[in-house]
Amino acid sequence: MFRPLTVLAFALGLAAMVVPAAALDLPGSKPLRVAVYDATRANVAATLDANGVDYRFDSDNDIELDVETANGVTSAWILFDEDDTGEIWNLRLIAFLYTSEYDQDLLLQHINRINRDYWLTKVFVDTEGDVNLELNLPVENGFVPEEFMMNLYQAGVDSLVEIDTEIASAYGSKEGGTEAPAIEEHANVFPGSAIGRLDFGDGAFCSGSVIGPALVLTAAHCFYDEETFEQLKPTRFFSGLASGDSVAESDIADFYVPAEFDIDRFMNSSDVDRYDYALITLTDDISPDTGTLSIYLPNGDEFDMLMDPNSEGFQQIGYGVTGGFYQMRRGPCHITKLWDDDTYSHGCGSVQGDSGAPNLIEMNGEYVIIGIESAELEDVDVSISDLVVSSAAFAADVDARLGR
């Protein structure tokens with residue numbers, strides 16, 4: 001296991017490199033007092049040792065690392081690029097994700113979008129259909145340990161884990177972690193037009209659905225910082241958002257979270273799971289442009305059908321897989337466990353950002369919501385890994401808000 005980057009406390013015999021005086025006299029500036037060392041295999045290894053990173057040298061005298069990802073443990077390498085004299089001028093972190101079994105057209109589309117979000121990390125699909133990741137750190141002017149740990153090692157490992165998680169969520173884990181791979185939804189066409197991204201500032205977001213005039217349904221836990229438990233305020237809702245364009249958008253006038261919901265109990269127990277829903281009042285009624293999704297309460301026979309793995313099941317549409325950039329649809333999904341607190345589970349996949357995303361079935365040609373995504377369940381069988389708040393939990397509050 002890798003641990004987070006720690007402050008380097010060097011008691012190392014690193015060969016110091018003499019740094020020449022600055023060639024320029026820049027007004028109002030002074031040279032930074034940064035320790036710069038020779039770029040050698042020994043100094044890179046000593047830096048990893050100082051930070052408690054497990055590694056090994058392979059047969060090519062490059063460094064090999066084990067990284068735990070969504071699909072298990074994968075290897076990454078730190079390569080030493082040398083010039084004709086044998087001097088190391090670049091450190092290169094590379095890794096491979098074995099994805100040749102996935103739909104290659106969808107994979108290429110997803111990788112193109114991933115590359116928009118990663119400035120330093122280069123991601124591409126090779127001729128074998130496997131995803132490659134590459135990150136470079138030029139060291140021709142010397143090796144700075146802190147820079148190496150932050151901008152190559154930690155950035156590379158974080159990117160590898162995040163990208164593998166995105167791909168596994170979108171296209172299915174080879175370990176069976178998702179029931180159905182995700183495909184891009186047409187956000188400008190109903191029902192996608194009525195599903196949007198709810199922003200909270202600082203990059204935080206959840207998914208939500210337009211369910212009435214100026215009314216949006218989402219998850220209650222989205223309104224809290226899950227570490228400090230501080231309440232957050234939503235800033236704007238973008239319905240039918242795709243690649244920066246939305247069908248309609250609005251500021252937030254007000255929001256309602258059930259009084260019974262408690263973020264501490266939600267994070268540490270299952271006592272308040274059924275109350276993980278919230279209602280947003282928008283400043284503008286965007287429903288004429290987006291359309292509205294109705295709430296539907298399945299009966300016993302319909303729940304039995306939704307639990308049948310051979311049935312049409314339900315569809316899930318949210319923004320989590322793409323980091324809020326555009327919608328992805330999974331389906332058919334199936335209920336795998338019903339609980340008596342108006343919650344149920346499925347194994348179709350749900351990631352951060354999918355919270356509040358609707359579970360939809362089609363009734364008489366109309367899409368209706370039977371539940372909303374709540375959380376990923378830990379340490380359970382993959383078939384029951386995703387928690388959903390059933391429509392029975394929030395239908396009465398929705399009716400009251402709509403005056404029914």
Side-chain angles (χ1 to χ4, degrees), residues 1-6 39 41 43-49 51-82 88-104 106-139 143 145-178 181 321-323 349 351-352:
M1 292 288 293
F2 296 97
R3 65 186 188 190
L5 176 63
T6 57
R41 285 173 170 80
N43 284 349
V44 171
T47 301
L48 294 173
D49 288 337
N51 282 271
V53 177
D54 293 329
Y55 66 91
R56 54 195 174 274
F57 280 97
D58 65 13
S59 58
D60 295 323
N61 209 19
D62 292 315
I63 288 176
E64 185 174 0
L65 309 161
D66 291 329
V67 181
E68 186 172 349
T69 68
N71 278 323
V73 177
T74 191
S75 293
W77 287 265
I78 296 173
L79 308 183
F80 299 85
D81 294 328
E82 300 176 343
I88 298 171
W89 65 273
N90 184 63
L91 300 176
R92 182 158 43 107
L93 186 145
I94 65 169
F96 308 95
L97 299 174
Y98 297 102
T99 54
S100 58
E101 66 188 53
Y102 298 153
D103 182 300
Q104 292 296 294
L106 291 176
L107 185 64
L108 286 170
Q109 292 179 30
H110 198 64
I111 292 303
N112 287 337
R113 293 185 173 94
I114 286 176
N115 274 318
R116 297 175 188 174
D117 297 329
Y118 290 88
W119 289 32
L120 297 177
T121 307
K122 179 182 179 183
V123 186
F124 60 94
V125 180
D126 63 24
T127 56
E128 300 298 322
D130 296 323
V131 170
N132 289 234
L133 177 149
E134 182 176 307
L135 189 63
N136 290 278
L137 179 68
V139 290
F143 172 72
E146 294 89 345
E147 178 187 36
F148 163 78
M149 287 301 298
M150 180 177 295
N151 294 341
L152 188 77
Y153 170 75
Q154 198 67 52
V157 169
D158 288 348
S159 295
L160 177 59
V161 172
E162 291 168 3
I163 291 168
D164 186 68
T165 298
E166 290 181 21
I167 292 173
S169 297
Y171 301 103
S173 167
K174 283 178 280 188
E175 300 300 323
T178 55
V321 170
T322 66
V351 297
Q352 187 174 12

Can you tell if the side chain of Ile63 reaches within under 4.5 Å of the side chain of Phe57, non-hydrogen atoms only?
-> yes

Please report the shortest heavy-atom distance between Ser75 and Ala95, naming the atom on each side.
-> O-CB, 3.7 Å

Is the shortest heavy-atom distance from the side chain of Leu65 to the side chain of Trp77 under 4.5 Å?
-> no

Do Thr121 and Leu133 touch side chain to side chain, with heavy atoms closer than 4.5 Å?
-> yes

Measure the acute angle between the ring planes of Phe143 and Phe148, then classify it against the limits of 30° and 60° as parallel, tilted or perpendicular.
-> tilted

Between atom OH of Tyr98 and atom OG1 of Thr74, what is the distance when rounded to the nearest 0.5 Å?
-> 6.0 Å

Stepwise side chain to side chain contact (heavy atoms under 4.5 Å, CB included) test for Phe80 and Leu91 = CA-CA 5 Å; Phe80 299 85; Leu91 300 176; 3.5 Å; yes

Residues passing the salt bridge (charged side-chain N to carboxylate O under 4.0 Å, His left out) test with Glu147, sequence neighbours excluded, are none

Do Leu135 and Ser159 come close enough that some side-chain heavy atom pair is under 4.5 Å?
-> no

Under 3.5 Å donor-acceptor, Asp60 side chain and Asp62 backbone = no

Do the non-hydrogen side-chain atoms of Ile163 and Thr69 ever get within less than 4.5 Å of each other?
-> no

Taking every non-hydrogen atom, the tightest pair across Gly156 and Leu93 | CA-CD2, 4.1 Å

Is any NZ, NE, NH1 or NH2 atom of the basic residue among Glu134 and Lys122 found under 4.0 Å from an Asp or Glu carboxylate oxygen of the other?
-> no

Could you state the interatomic distance from CD (Glu146) to OG1 (Thr47), rounded to the nearest 0.5 Å?
-> 8.5 Å

Output the distance between atom CG (Leu152) and atom CG (Asn90), rounded to the nearest 0.5 Å.
-> 8.5 Å

Rounded to the nearest 0.5 Å, how far apart are CG of Leu79 and CG of Asn136?
-> 9.5 Å

Taking atom CG of Asp81 and atom CD1 of Ile88, what is their separation to the nearest 0.5 Å?
-> 9.0 Å

Any donor and acceptor pair, going by atom type alone, linking the side chain of Asn132 with main-chain N or O of Asp130 inside 3.5 Å?
-> yes

Give a yes or no answer on whether the side chain of Asn51 reaches the backbone of Val53 with a donor-acceptor pair at less than 3.5 Å.
-> no

Give the minimum heavy-atom separation between Arg41 and Asn61, together with the two atoms involved.
-> NE-O, 2.8 Å

CD1 of Ile78 to OH of Tyr55: how many Å apart, nearest 0.5 Å?
-> 10.0 Å

